[in-house]
Structure formats: C-alpha cells, structure tokens
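Keep in mind that this is a model prediction, so the values were computed, not measured.
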Amino acid sequence: MKNFQNKTELSNFIGTLKANGNTIGFVPTMGALHNGHLSLVRKGLVDNDIVVVSVFVNPTQFDNKEDLNTYPRTLEADIALLKTLSNDQIIIYAPTEDDIYGNQVESQHFSFEGLEHEMEGAFRDGHFDGVGTIVKRLFEIVTPDRAYFGEKDFQQLQIIRKLVELYSLSVEVIGCPIHRAEDGLAMSSRNERLTPVHRNIAPFIYETLTTAKLKFGTESAKDVTEWVYEQFKKQPLLKLEYFNIADIATLKPIKQTASDNFRDNKSYRAFIAVYAGDIRLIDNIALN
Ligand code: PAF
C-alpha cells in the first residue's frame, strides 16, 4: 500500500494516475479509523478506481488543547485496517503538520452563509474555519473526483458542500449514513476514550433521538426539544450541551407546531451534543 507524507510527491503520483484514466475517491480522516470510516472507504472503492485516505489530526479545528493532545493517533493500526479492504487501490496520505501548514499553523476565515454559526459553530470557536482550511487544502492536493463524508458530522457535511459551491471546486461531495454500534451509539474515534461507565450509558443519546423522532410526528419542535432537555436532567452521567431541531438547508433551529412538521417540503433533522464525562459526543437523526 502506498503511503505518502509529502504533498508534492502525492500530487505527482495522483497526476499520473489521472493521466492514465483513473478516477480518484477521497476520504479525509483524522485517523483512529473505525467501521464508520471503513464504510466510506468501501463506498469510495465501489465508485472510483483509487481511494486516497488522508490521516491528519488537524490542529486548527480544535478549540480545546486537551482534546487535540489526547486525540487518538494510531497510524499503524489504521494502515492495517485499510489493508483489509485493498492493498493496491488505496493510497494513504499521512502528512506532517509542516507539510500542510509550513510555519503558519493558522486557519483561513470563511463565511459559509451562516451555516458556521449554528450548533458546533456556536460551541466550538473557530472550528469550521479550521475544517474549511484543511479540507480545501486537501482537495487542492488530492484533486479527487468524489469525496466522502459521514452524516454523523452532518453540519460539517453541509459546510463542505457550501465550500465546494462557493469556490466552484470540481469534486462531488457524497454524504454517507451514520454507522452505529449494535447498541445504537454512533461510531466515533472519541468512543475509545469513554470510561466503561460512560460507554455503557452513551446509547441513551440515540435512544432519546429515536423517541424524539417519533414525537416529532405529533408534537411541535418546541415541545420535543423541551422533552429532550427533561430526559437529560434525569441522567446525571450525561451533560446535554445542545439539542436542536433544524432545517437541513439553513441549520437554523425551528420551533413550529406539530401540524406544520410535515406540511412544508423542507427536511428536518434533530442534532445533539452531549458530554459523557470529559468526552464530547455528537449525533443526529433525520426526522422526515
Ligand atoms: O471529520 C473529520 O474527521 C475532520 O473534520 C476532517 C474532515 C478529516 C477534517 O480534518
């Protein structure tokens, strides 16, 4: 399996592959790969001749130094996992910070038509500037035909779509369904850092989301939201940071009445962020 640390060598190699008629899929990751990532790579392998997987813990998207320092880095295990999918159709790009940022580890500032101010943007200062910066740079290096992102980070997915639109980038962005453990917990590299007690209680997040979805059929967004906040008050091991029902196009929270929920032709999702001890987990569910 080819493994590049240097962007120029990678770009040259991809240039030759493309000149020979190969299509390129791209799965950007921060490593600590799990089945959720593998499902993106599998989809990439079906759609393209070659899939590039980047493994880079991007410092500019972390608003919390502790989270950045403790983020799992497991490159050898990641490579071994990718090899189980394909040895010759996958290319790894695991750059150093210097290869991406040189001596300026800074974000570009973006305006994503307000998408960046909602939810994760409101709670994680500068997060989407960091994501926009790294994804734009990676797209320039990899020049993929298609790029794959999980719907667990649904706000990120919408922001990447906006990035592609605003900068007229010639890449197709493909959103892929959330991968869950058997007990419903959305797969995340952060799950490895949960204590056994918190891991045990964490499926409560998805259970609450599925009940919220049922309630959305008959109750207003405001009532469903209040109900979710009540449930988490009874759950001392989990701290709810936010729960929102939002229009997926604007990501703005809605407060409409139950009868309105299915009358318009908009799509709604419920979004949640929860602390399980020190670990911050996010999840979401389509409501209609
Ligand atoms: O979703 C992630 O893992 C990261 O935000 C991404 C897209 C790899 C950018 O660092």
> Fit a plane to each ring of Phe204 and Phe232, take the angle between them on a 0 to 90° scale, and name the class: parallel (under 30°), tilted (30 to 60°) or perpendicular (over 60°).
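Geometry flag for Phe232 against Phe204: perpendicular rings.
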> Keeping the roles fixed (side chain from Asn191, backbone from Ala186), state whether a donor-acceptor pair exists under 3.5 Å.
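The answer is yes, because a donor-acceptor pair under 3.5 Å joins these two groups.
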> Applying a strict under-4.5 Å side-chain criterion to I, L, V, M, F, W and Y, I'd like to know whether Ile141 and Leu169 cluster together.
yes
> Write out all pairs satisfying side chain to side chain donor-acceptor pair (under 3.5 Å) with one or both partners inside residues 19-28, taking only residues at least two apart or from two chains.
Thr23-Asp49
> May I ask you to test the Glu116-Phe110 pair for a side-chain heavy-atom distance under 4.5 Å?
no
> Are Leu163 and Met30 grouped together when hydrophobic residues (ILVMFWY) are joined by side-chain heavy atoms under 4.5 angstrom apart?
no
> How far apart are the C-alpha atoms of Leu40 and Thr29, what are their side-chain angles, what is the distance that settles it, and do they pass the side chain to side chain contact (heavy atoms under 4.5 Å, CB included) test?
CA-CA 10 Å; Leu40 304 184; Thr29 81; over 6 Å; no
> Using a strict cut-off of less than 4.0 Å between a Lys/Arg side-chain nitrogen and an Asp/Glu carboxylate oxygen, indicate whether Lys233 and Glu230 qualify as a salt bridge.
yes
> Kindly indicate, with the supporting measurements, whether the criterion side chain to side chain contact (heavy atoms under 4.5 Å, CB included) is fulfilled by Tyr101 and Asn58.
CA-CA 10 Å; Tyr101 287 105; Asn58 173 37; 2.5 Å; yes
> Treating Ile, Leu, Val, Met, Phe, Trp and Tyr as nodes and any side-chain heavy-atom pair under 4.5 angstrom as an edge, say whether Tyr268 and Trp227 lie in one connected cluster.
yes
> Are the side chains of Phe56 and Asp99 in contact, using a 4.5 Å heavy-atom criterion?
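A side-chain contact under 4.5 Å is absent here.
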> Quick check: closest heavy atoms across Glu9 and Asn6, and the distance to 0.1 Å?
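Shortest heavy-atom separation between Glu9 and Asn6 comes out as N-OD1, 2.9 Å.
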> Flag the pair Leu281 / Leu194 as yes when at least one side-chain heavy-atom distance between them is below 4.5 Å, and no otherwise.
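Yes; the side chains approach each other to less than 4.5 Å.
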> For Lys162, give me all partners under side-chain contact (heavy atoms from CB on, under 4.5 Å), at least two apart in sequence or on another chain.
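Phe112, Glu113, Leu115, Glu165, Leu166.
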> Between Asp78 and Val55, what is the shortest heavy-atom contact and its length?
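That would be OD2-CG1, 4.0 Å.
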> For Leu138 versus Ser54, what's the shortest heavy-atom pair and its separation?
CD1-OG, 3.8 Å
> Same hydrophobic cluster for Tyr242 and Tyr206, using side-chain heavy-atom links shorter than 4.5 Å among ILVMFWY?
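Linked, Tyr242 and Tyr206 end up in one cluster.
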> Do Tyr148 and Ile91 share a hydrophobic cluster (ILVMFWY, side-chain heavy atoms under 4.5 Å, transitive)?
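As far as the 4.5 Å side-chain criterion goes, Ile91 and Tyr148 are not connected within one cluster.
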> Kindly determine whether Ile50 and Lys2 satisfy side chain to side chain contact (heavy atoms under 4.5 Å, CB included), including the steps that lead there.
CA-CA 11 Å; Ile50 300 290; Lys2 289 235 173 262; over 6 Å; no
> Between Tyr93 and Ile100, is any pair of side-chain heavy atoms under 4.5 Å apart?
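They are in contact (side-chain heavy atoms under 4.5 Å apart), so the answer is yes.
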> Please list, chain by chain and in numerical order, all residues satisfying side-chain contact (heavy atoms from CB on, under 4.5 Å) with Leu82, sequence neighbours excluded.
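Applying side-chain contact (heavy atoms from CB on, under 4.5 Å) to Leu82 gives Met1, Leu33, Leu38, Val41, Val53, Ile90, Ile92.
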> For Lys152 and Ser188, which heavy atoms make the closest approach, and how far apart are they?
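Looking at all heavy atoms of both residues, the shortest contact is CE-CB, 3.9 Å.
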> Do the side chains of His127 and Asp63 get nearer than 4.5 Å, heavy atoms only?
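No. Closest side-chain heavy atoms not under 4.5 Å.
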> For Gln156 versus Phe128, what's the shortest heavy-atom pair and its separation?
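Minimum heavy-atom separation between Gln156 and Phe128: CA-CE2, 3.9 Å.
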> Could you give me the CA-CA distance, side-chain angles and deciding distance for Ile24 and Thr143, then say whether side chain to side chain contact (heavy atoms under 4.5 Å, CB included) is met?
CA-CA 8 Å; Ile24 308 293; Thr143 61; 5.9 Å; no
> With sequence neighbours left out, what residues match Lys83 under side chain to side chain donor-acceptor pair (under 3.5 Å)?
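For Lys83 there are no side chain to side chain donor-acceptor pair (under 3.5 Å) partners, ignoring immediate neighbours.
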> Does atom NZ of Lys136 have more than 12 heavy-atom neighbours, drawn from other residues, nucleotides or ligands, at distances under 6.0 Å?
yes
> Would you say CG of Asn87 has more than 12 non-hydrogen atoms from neighbouring residues, nucleotides or ligands within 6.0 angstrom?
yes
> If every non-hydrogen atom of Pro72 is compared with every non-hydrogen atom of Arg193, which pair is closest and at what distance?
CD-CD, 3.9 Å
> Are side-chain heavy atoms of Pro253 and Glu118 found at a separation under 4.5 Å?
yes
> Answer yes or no: does atom CG of Asp125 have more than 12 heavy-atom neighbours from other residues, nucleotides or ligands under 6.0 Å?
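No, the 6.0 Å shell around CG holds no more than 12 heavy atoms from other groups.
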> Please confirm whether the backbone N or O of Gly25 pairs with a side-chain atom of Asp47, one donor and one acceptor, at under 3.5 Å?
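Checked: no pair found.
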> Checking His117 side chain against Gly114 main chain: does a donor-acceptor pair fall under 3.5 Å?
no
> Any donor-acceptor pair under 3.5 Å linking the side chain of Thr84 with the backbone of Leu81?
yes
> Could you pull out all residues at least two apart from Arg199 that satisfy side chain to side chain donor-acceptor pair (under 3.5 Å)?
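Here the qualifying residues are Asp183.
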> Indicate the ring-plane relationship of Phe139 and Phe149, choosing parallel, tilted or perpendicular according to the 30° and 60° boundaries.
perpendicular
> Quiz question: by atom type and distance under 3.5 Å, do the side chains of Asp129 and His109 form a donor-acceptor pair?
yes
> Taking the side chain as every heavy atom from C-beta outward, state whether Asn244 and Thr225 have any atom pair closer than 4.5 Å.
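When only atoms from C-beta onward are counted, Thr225 and Asn244 do not touch, as no gap falls below 4.5 Å.
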> Between Asn48 and Phe26 (side chain of the first, backbone of the second, donor and acceptor by atom type, cut-off under 3.5 Å), is there such a pair?
no
> Tell me which pairs pass side chain to side chain donor-acceptor pair (under 3.5 Å) where either residue lies in residues 273-285, with sequence neighbours left out.
Glu120-Arg280, Arg180-Asp283, Glu241-Arg280, Arg269-Asn284
> Quick one: are the ring centres of Tyr71 and Phe62 less than 6.0 Å apart?
yes
> With a 4.5 Å heavy-atom cut-off, do Val131 and Ile160 have their side chains touching?
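Heavy-atom side-chain distance check passes, below 4.5 Å.
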> Can a donor-acceptor pair be found, under 3.5 Å and without considering hydrogens, that links the side chain of Gln158 to the backbone of Ile248?
yes
